[in-house]
Visitor: 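One structure, as structure tokens, below. Some questions next.
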Amino acid sequence: MTIRLYDTSARQIRDFTPLVPGCVSIYLCGATVQAAPHIGHVRSYLNFDIARRWFTYRGLDVTFIRNVTDIDDKIIAKGEDQGRPWWSIGYENERAFNDGYDALGCLPPTYEPRATGHVPEMIEMMRTLIERGHAYEADGSVYFDVRSYPGYLELSNQDIDDLRQPAEQGITGKRDPRDFAMWKASKPGEPDWETPWGRGRPGWHLECSAMAHKYLGSAFDIHGGGLDLIFPHHENEIAQAKAFGDAFAQYWMHNAWVTMSGEKMSKSLGNSVLVSEMVKTWRPVVLRYYLGTPHYRSMIEYSEESLREAESAFARIEGFYQRVIEKAGKTVDPAPEVPPAFAEAMDDDLGVPQALAIVHTTVRQGNSALAADDKDAAIARLSEVRAMLGVLGLDPLDPHWAGESDRGEDLHGAVDTLVRLVLEQRESARARKDWATADAIRDQLQQSGLVIEDSPTGPRWSLGPR
């Protein structure tokens, strides 16, 4: 068994060899909690949740760090605009992010450190970098001297002479416009902390270098995040950490975006779709299927049509579950191992689309077994499907999704009673060979959004795709 991953820094797929045999350490850039999450935000953690589940399935002990950036220019500005403390803005949105992760069935991280809880570690890193000539203080701020680190920009493959750092508001005293702020001098009314260079607050990039060092040590296996973080954030993290003396990340994994009309989904563009609103319209397990089944390095162009397709595909899987369990007369346990073709796809840079094709092929085989009245084969196929979907966090029988089906139980019961009355009328028509009336009743139910299926135990109904 060899897991292979695309390493952004190497620009190729590499065999994954963990630093510590049997273990894997992951640092994922988490939320900047300036606003509630849209589905583009949760896609990143969902992709790495699937990676984590696969590592665990392969017998690796996973340490997973996902940070929270709870101090930021935009968080402070929103607090001022709303007349609220900056930290209340951050905490409210942090809760919204966690609600979104939970709704989509993501496992909690091993640790979830906040930037504001690690100022001492940041001060120590800055002190060392200044002593080694990689950073300097100016007007109460601390900057990293990018020309002091020869490997700068190797991740993004840029030329330093062509580089322009993103503008940083209120920054003064830089020796070179390409240098970036590690620490920002205090401004009136803003939160600040005491340092040897005066009061101020963290720069974005310093936070992650310091927290990765604290929780994962001087070297760890995988650093993850969205494509948009490669520059400047990840380049600046690497410069700080390696100039400090850390070996830092051995592999770099970056997920692609969710786009709308070809543009990255973002709050600033006003084209975001909030998770809290989406789960009111779409079942969370369908959202997980929609966001988690494309390859993590592929863009997802958002559309309701694509969501409906995901809903229909997942409904076919659920229908297979229902039919086999009815046939077996009992719950079917997951197989102890996934099929070899599924494992091969997942080992190859987490090839979820190819792995999902194995799932659907197995469902079709199971349906054929049901049609042939081969109960044992149908049960075996469902057992395999449960094992595969369990790895993807999509098993409909998982306790996390069981609560989803419980919602609206009273309404379901009332509808079930009404539908069964109509189905009894259809059965009476069939008994007297009044096929026209029986077909008309079935068609009327289907027009209402219900799917009627005749089974050996009698007719049953389910909600059709919207």
Visitor: Flag the pair R386 and D398 as a salt bridge only when some basic side-chain nitrogen lies within less than 4.0 angstrom of an acidic carboxylate oxygen.
Guide: no

Visitor: Report yes or no: does Y251 contribute a side-chain atom to a donor-acceptor pair with the main-chain N or O of T17 at less than 3.5 Å?
Guide: yes

Visitor: Applying salt bridge (Lys or Arg N to Asp or Glu O under 4.0 Å), which residue pairs with at least one partner in residues 361-377 are found, sequence neighbours left out?
Guide: K327-D373

Visitor: Please check: side-chain N/O of H360 versus main-chain N/O of A313, any donor-acceptor pairing under 3.5 Å?
Guide: no

Visitor: Looking at R283 and E318, is there a salt bridge between them, counting it only when a charged N and a carboxylate O are closer than 4.0 Å?
Guide: yes

Visitor: My understanding is that only residues two or more places apart in sequence, or in another chain, count here; which of them pass side chain to side chain contact (heavy atoms under 4.5 Å, CB included) with I325?
Guide: L382, L397

Visitor: Under the ring-ring contact (aromatic ring centres under 6.0 Å, His included) test, which residues partner Y302, sequence neighbours left out?
Guide: none

Visitor: For residues 44-64, which residue pairs pass the salt bridge (Lys or Arg N to Asp or Glu O under 4.0 Å) check, not counting sequence neighbours?
Guide: D49-R53, D49-R288, R58-D347

Visitor: Please set out all donor-acceptor pairs under 3.5 angstrom arising from side-chain atoms of residues 210-221, sequence neighbours excluded.
Guide:
{"from": "H213", "atom 1": "ND1", "to": "D246", "atom 2": "OD1", "distance (Å)": "3.2"}
{"from": "H213", "atom 1": "ND1", "to": "D246", "atom 2": "OD2", "distance (Å)": "2.8"}
{"from": "K214", "atom 1": "NZ", "to": "E121", "atom 2": "OE2", "distance (Å)": "3.3"}
{"from": "Y215", "atom 1": "OH", "to": "H118", "atom 2": "NE2", "distance (Å)": "2.7"}
{"from": "D221", "atom 1": "OD1", "to": "L19", "atom 2": "N", "distance (Å)": "2.8"}
{"from": "D221", "atom 1": "OD2", "to": "S25", "atom 2": "N", "distance (Å)": "2.9"}
{"from": "D221", "atom 1": "OD2", "to": "S25", "atom 2": "OG", "distance (Å)": "3.2"}

Visitor: Test of understanding: with ring-ring contact (aromatic ring centres under 6.0 Å, His included), list the residues that count as partners of Y45, not counting sequence neighbours.
Guide: F64, Y101

Visitor: Hey, are E277 and K280 close enough for a salt bridge, meaning a charged N less than 4.0 Å from a carboxylate O?
Guide: yes

Visitor: Can you sort out the partners of S9 under side chain to side chain contact (heavy atoms under 4.5 Å, CB included), two or more places apart, ordered by chain and number?
Guide: D7, L155, W252

Visitor: Do R323 and N367 meet the criterion of a side-chain donor-acceptor pair at a distance under 3.5 Å?
Guide: yes

Visitor: Residues two or more places apart in sequence or in another chain: which of them pass side chain to side chain contact (heavy atoms under 4.5 Å, CB included) with S368?
Guide: none

Visitor: Of all residues at least two apart in sequence or in a different chain, which pass the ring-ring contact (aromatic ring centres under 6.0 Å, His included) check with W204?
Guide: H233

Visitor: Within the distance-only criterion (no hydrogens, no angle test), does the side chain of Y290 pair as donor or acceptor with the backbone N or O of V285 below 3.5 angstrom?
Guide: no

Visitor: According to ring-ring contact (aromatic ring centres under 6.0 Å, His included), who are the partners of Y91, at least two apart in sequence or on a separate chain?
Guide: none

Visitor: Among residues at least two apart in sequence or on other chains, which ones pass side chain to side chain contact (heavy atoms under 4.5 Å, CB included) with S276?
Guide: L274

Visitor: Could you tell me if E237 and H223 have a donor-acceptor pair between their side chains, going purely by distance under 3.5 Å?
Guide: yes

Visitor: For residues A115 and D70, report the shortest heavy-atom separation together with the two atoms involved.
Guide: N-OD1, 3.4 Å

Visitor: Holding to salt bridge (Lys or Arg N to Asp or Glu O under 4.0 Å), I want the full list of residues that pass it with E337, two or more places apart in sequence or in another chain.
Guide: none

Visitor: Could you give the distance from CZ (R114) to CG (N67), rounded to the nearest 0.5 Å?
Guide: 11.5 Å

Visitor: Check whether any side-chain N or O of E112 sits under 3.5 Å from a backbone N or O of I65 as a donor-acceptor pair, and report yes or no.
Guide: no

Visitor: Assess the pair H234 and H254: is the distance between their ring centroids shorter than 6.0 Å?
Guide: yes

Visitor: Is there a salt bridge (charged side-chain N to carboxylate O under 4.0 Å, His left out) between E311 and R308? Walk through the geometry before answering.
Guide: CA-CA 5 Å; E311 183 180 52; R308 284 192 292 270; over 6 Å; no

Visitor: May I ask you to decide if D333's main-chain N or O and S383's side chain share a donor-acceptor pair within less than 3.5 Å?
Guide: yes

Visitor: With the threshold set at 4.0 Å, does a side-chain nitrogen-carboxylate oxygen contact exist between R430 and E427?
Guide: yes

